[in-house]
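Only heavy atoms go into these numbers, but all of them, side chains included; no hydrogens, no water, no symmetry mates. We count residues from 1, following the sequence as given.
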Amino acid sequence: MAVFGGRRRNDDPALPPGQHLTESFPVLSAGPTPSIAPQNWEFFIHTETGDTRRWSWEQFLALPSEEITTDIHCVTSWSKLGTSWRGVSLDTLFADVETSFDFAMAHSYGGYTTNLPLEDILEGQAWIAYEYDGAPLDPEHGGPARLLVPHLYFWKSAKWVRGLVMQSDDKPGFWEQYGYHLHGDPWREERYS
């Protein structure tokens with residue numbers, strides 16, 4: 001009697017269920033790659049009171065940065081282990097921001113959005129990354145800067161990020177409106193709602 005099963009994941013304990021290992025860095029985007037010169041880039045956090053904290057590229061690069069080595073997992077089932085980044089922790093960016101809201105909507109140049117609970121982007125869990133593997137982040141991978149939230153599926157790590165808007169409810173972003181899971185934990189296979 002033949003027994004059939006789905007594609008088996010590698011036995012590597014670093015791979016979440018349903019994932020396979022890749023050595024490449026696949027490029028997946030919801031639309032065309034925007035061209036943002038660093039001198040025209042800015043990042044903002046907008047709160048419920050109407051306050052907006054802004055950083056120009058120069059101000060952003062002057063903030064304390066961190067080297068991050070982490071695994072990344074795409075909802076399309078590839079995982080890349082031990083990736084190297086440099087970025088500014090969202091803890092640093094939120095240091096002078098007051099909010100009572102529990103959720104944020106990430107906004108990108110080009111119109112992409114994704115929703116994130118505040119508890120998933122603070123306490124050393126998320127960065128605005130501007131280098132990959134020791135070099136400036138390529139535009140096709142989100143340069144000049146992208147969100148990096150490695151413990152969630154990679155669609156939550158919005159490319160070409162330009163800001164966060166605080167929100168009271170966990171309203172869906174771009175892919176979430178099309179049926180992707182609101183949270184996106186790869187270890188729970190939270191791919192679709």
(request) Give the C-alpha distance, both sets of side-chain angles, the deciding distance and a yes or no for side-chain contact (heavy atoms from CB on, under 4.5 Å) between Tyr180 and Tyr153. (result) CA-CA 10 Å; Tyr180 279 44; Tyr153 281 122; over 6 Å; no

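Glu190 places no side-chain N or O within donor-acceptor distance of the main-chain N or O of His183, the cut-off being under 3.5 Å. Side chain of Asn115 to main chain of Met105: no donor-acceptor pair is present (N/O by atom type, distance under 3.5 Å, no hydrogens or angles).
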Using distance only, find each side-chain donor-acceptor pair of residues 34-41 under 3.5 Å and give its atom names and separation, not counting sequence neighbours.
from  : atom 1 : to     : atom 2 : distance (Å)
Trp41 : NE1    : Val161 : O      : 3.0

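Within a 6.0 Å sphere centred on CD of Glu48, other residues, nucleotides and ligands contribute more than 12 heavy atoms. For Tyr192, the OH atom is densely surrounded, since the number of other residues' heavy atoms within 6.0 Å is greater than 12. Applying the 6.0 Å contact sphere to CD of Glu66 captures more than 12 heavy atoms from other residues, nucleotides or ligands.
In this structure, the side chains of Asp71 and Leu15 stay at 4.5 Å or more apart for every pair of heavy atoms. Contact check for Leu137 versus Glu131: no side-chain heavy atoms found under the 4.5 Å cut-off. Phe25 has its side chain within reach of Lys80: a pair of non-hydrogen atoms, C-beta onward, lies under 4.5 Å apart.
With sequence neighbours excluded, no residue forms a salt bridge (charged side-chain N to carboxylate O under 4.0 Å, His left out) with Glu23.
With rounding to the nearest 0.5 Å, the separation of NZ in Lys159 from OG1 in Thr114 is 13.5 Å.
Side-chain atoms of Ser77 and His20 include a donor-acceptor pair closer than 3.5 Å.
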